Amino acid sequence: MAEEKESLNFIEQIIEADLASNKHGGDVITRFPPEPNGYLHIGHAKSICLNFGIAQKYGGRTNLRFDDTNPVTEDTEYVDSIKADIRWLGFDWDDREYYASDYFPQLYEWAIQMIRAGQAYVDDSSAEEIAAMKGTPTEPGKESPYRTRAMSENLDLFQRMKAGEFEEGSRVLRAKVDMASPNMHMRDPVMYRIKFAHHHRTGDTWCIYPMYDFAHGQSDSMEHVTHSLCSLEFENHRPLYDWFIQTLQIYPSRQIEFARLNVEYMLTSKRKLLRLVNEGFVKGWDDPRMSTISGMRRRGYTPASIREFADRVGIAKRENVIEFSLLEYCVREDLNKVAQRVMAVLDPLKLVITNYPEGQTEYLPTENNPEDPQAGTREMPFSKVLYIERDDFMEDPPKKYFRLAPGNMVRLKSAYIIECTDVVKDSNGQVTEVHVRYIPESKSGQDTSGIKVKGTIHWVAADTALNCEVRMYDRLFTVPNPGDDPERDFTAFYNEESLRILDGAKVEPSVKEVQVGEGFQFLRKGYFTLDPDSRAEHLVFNLTVNLKDSWAKVAAKGQPA
RNA sequence: UGACCCAUGGUGUAACGGUAGCACUCCGGAUUUUGGUUCCGUCAGUCAAGGUUCGAAUCCUUGUGGGUCAACCA
């Protein structure tokens with residue numbers, strides 16, 4: 001076998017170099033650090049796959065750590081959904097479920113240590129004053145009048161902040177770094193602020209809470225995270241991340257930034273997703289059109305397909321927008337291998353086989369999955385009156401139309417070849433019924449008719465078909481990057497046709513047994529999954545992704561746009 | 001007019017001083033009882049200008065373009 005050189009992304013290269021130099025004694029420890037203030041989305045999925053995937057690849061570990069330093073926005077509801085989503089994606093953190101809030105006592109100790117060392121001070125300025133003294137990216141900041149406060153006073157004040165003696169917003173603890181630094185984050189960043197808020201885990205124990213910059217790197221360090229992978233927007237924080245580690249003389253975790261995921265027609269901003277929910281554009285966080293993990297799960301995406309997607313988009317530092325077609329490719333690829341085939345008619349047209357005996361039913365075997373012989377076969381009831389797809393019949397077809405038409409023979413999948421003999425219309429000229437004759441010798445698997453047809457269509461028997469509702473989903477927006485327009489709000493690009501409900505669909509009786517979450521293919525149509533809204537007497541299916549449709553392209557080409 | 005980061009086909013990503021490759025998309029063709037799948041093929045790329053070198057996508061300089069940073073958010 002030819003040795004193929006595996007190509008590594010830049011993070012893997014760093015890790016392999018570290019492994020080679022034995023920098024961390026062979027350890028590879030990563031972490032996934034969500035803030036429990038919202039639901040996970042496709043962008044998080046990339047990060048999860050990266051962090052857990054890297055650790056798996058190099059025999060390391062990944063910690064799940066909730067970055068819960070802001071009690072105002074965080075809640076256990078999110079903790080639970082985040083854990084469920086990560087597990088569903090197929091990753092496990094064993095017993096390493098950590099919370100930044102568990103580190104509050106240590107963080108407090110370190111703050112005290114820094115005050116004693118003259119590296120932190122209590123600032124009585126207001127938020128506005130601090131902002132004003134901070135300067136701008138092009139102008140240096142000014143030092144706070146409280147910057148030179150005596151160490152003992154700082155210590156006393158900070159302890160009293162913790163004791164709840166001061167009002168919210170009246171004081172903060174700041175690191176003494178460099179107000180003239182060209183990096184805004186180094187201009188004496190706030191370490192602690194006062195918040196009289198109930199924390200989802202620590203309750204009312206604390207009324208001072210550390211800021212991200214004084215919690216994240218320290219948490220990494222406490223956990224001996226070797227490679228702390230985050231998105232590009234934290235690049236400017238890295239000098240501060242390193243500064244705290246050096247100042248505190250603690251384990252040197254290393255922050256490495258990569259470009260976050262952007263996908264056409266999908267939003268990955270918590271704020272915008274929240275608006276979609278609150279303003280009623282979608283039905284909830286798990287609406288199948290949402291980019292949330294829970295939405296994608298409900299839509300019928302499989303964990304394997306999302307992992308594959310995360311793998312294929314790659315890891316690099318340049319800004320990127322992934323084409324939606326790659327995501328579709330990944331789901332189809334996975335579902336094609338595993339999804340059971342089912343016949344369903346989404347837009348039914350009645351078909352009567354005039355020469356088939358009235359009242360007769362035969363059971364015709366059909367394969368469950370041609371890609372997987374192990375999947376076996378099932379029996380489809382067949383009788384005189386069937387439903388076929390309305391667009392599988394045309395009275396006056398264009399060239400190269402291989403489906404049913406007067407004078408055109410087609411095969412009914414796994415059944416017989418039929419020939420159109422008559423068309424019944426209503427007063428509007430709308431076709432309501434197609435009459436055909438079937439060729440008895442053309443029975444699937446024992447065809448002796450010698451007839452060759454170009455088209456095969458799917459069908460269901462009218463008397464045994466189940467009625468169902470089918471929700472056809474399309475992209476949520478009319479443009480690929482709805483958030484990028486400087487003039488118009490992203491909701492202006494909401495796709496009114498992102499959900500189309502088909503209420504008269506007919507599906508073969510075998511689906512009676514399917515479970516929510518199971519994915520299967522409606523033959524020639526697409527991949528679908530049962531929605532939790534389903535009831536025994538009213539099945540509801542979600543379109544996951546349609547099948548590729550090369551005929552649609554040909555047909556569109558023949559038609560003036 | 002600051003700092004930091006980025007720049008390879010339409011999209012995404014490799015090549016680490018020595019033949020610019022892979023995937024998706026697009027477009028052709030073969031097979032097909034799913035106009036699906038599978039298979040084969042075509043088109044298409046190093047931001048620009050200088051420099052170093054026998055040799056530059058790769059190193060250096062400058063420019064251009066893009067991103068991030070002025071929450072007591074993460």
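Since the structure is predicted, the reported quantities are computational estimates derived from the model, not experimental observations. So you know, we letter chains A, B, ... as the sequences are listed, proteins then strands, and number each from 1.
- At a cut-off of 3.5 angstrom, the base of B:G12 holds no donor-acceptor pair with the side chain of A:E264.
- Between B:C6 and B:U62, the two P atoms lie 16 Å apart (nearest whole Å).
- Atom pair A:E328:CD and B:U11:P shows a separation of 18 Å (rounding to whole Å applied).
- Between the C1' atoms of B:G12 and B:C26, the separation comes to 15 Å (whole Å).
- Looking at A:E371, its side chain has no donor and acceptor atom pair within 3.5 Å of the base of B:U38.
- Taking 4.0 angstrom as the limit, A:K553 places a side-chain polar atom (N or O) nearer than this to OP1 or OP2 of B:C27.
- Contact annotation: A:R193 reaches the phosphate of B:A74 (side-chain N/O to OP1 or OP2, under 4.0 Å).
- At the phosphate of B:G36, OP1 or OP2 sits under 4.0 Å from a side-chain N or O atom of A:S550.
- The cationic group of A:K162 lies under 6.0 Å from the six-membered ring centre of A:W206 and within 45° of the ring axis, placing it in a cation-pi geometry.
- Applying the 3.5 Å distance criterion, the base of B:U68 shares a donor-acceptor pair with the side chain of A:N236.
- On a pure distance criterion of 3.5 Å, a polar donor-acceptor pair joins the side chain of A:H237 and the base of B:A74.
- With its glycosidic angle within 90° of 0, B:A71 adopts the syn conformation.
- Contact annotation: A:R524 side-chain N/O to B:G35 OP1/OP2 distance is under 4.0 Å.
- Distances shown here put every side-chain N or O of A:T69 at or beyond 4.0 Å from the OP1 or OP2 atom of B:C73.
- Here A:K452 does not reach the OP1 or OP2 of B:U33: none of its side-chain N or O atoms lies under 4.0 Å away.
- Taking atom CG of A:N183 as the reference point, atom C1' of B:C4 lies 7 Å away to the nearest angstrom.
- The shortest distance between the side-chain N/O atoms of A:K548 and the OP1/OP2 oxygens of B:U25 is below 4.0 Å.
- Looking at A:S444, its side chain comes within 3.5 Å of the base of B:U33 through a donor and an acceptor atom.
- Within 3.5 Å, no donor on the side chain of A:R318 pairs with an acceptor on the base of B:G67, nor the reverse.
- When all heavy atoms of A:E35 and A:T73 are compared, the closest pair comes out as OE2-OG1, 3.4 Å.
- Nucleotides B:C69 and B:A74 place their P atoms 15 Å apart, quoted to the nearest Å.
- Among all heavy-atom pairs drawn from A:E508 and A:M380, the shortest one is OE1-SD, 3.1 Å.
- Checked against the 6.0 Å centroid criterion, the rings of A:F522 and A:Y527 do not qualify as a close aromatic pair.
- Only the P atoms considered, B:A71 is 49 Å distant from B:U53, to the nearest whole Å.
- Distance noted for atom C1' between B:A49 and B:U64: 10 Å (whole Å).
- OP1 or OP2 of B:C69 has not a single side-chain nitrogen or oxygen of A:K134 nearer than 4.0 Å.
- Base engagement by A:F402 is indicated by at least one non-hydrogen atom pair under 4.0 Å involving a base atom.
- Nucleotides B:G21 and B:C43 are separated by 12 Å at their P atoms, to the nearest Å.
- Nearest to the side chain of A:L547, among B:A70, B:A23, B:U34, sits B:U34.
- Of the side-chain N and O atoms in A:Q13, one or more sit less than 4.0 angstrom from OP1 or OP2 of B:A15.
- Taking the P atom of each, B:G29 and B:G36 are spaced 13 Å apart, rounded to whole Å.
- The aromatic rings of A:F66 and A:Y99 lie parallel to each other, with less than 30° between the two planes, well short of the 60° mark.
- The aromatic ring of A:W551 is stacked on the base of B:G35, with the two ring centres less than 5.5 Å apart and the planes inclined by under 30°.
- Ring-plane geometry between A:Y192 and A:Y108 is classed as perpendicular, the angle between the planes exceeding 60 degrees on a 0 to 90 degree scale with a lower cut at 30.
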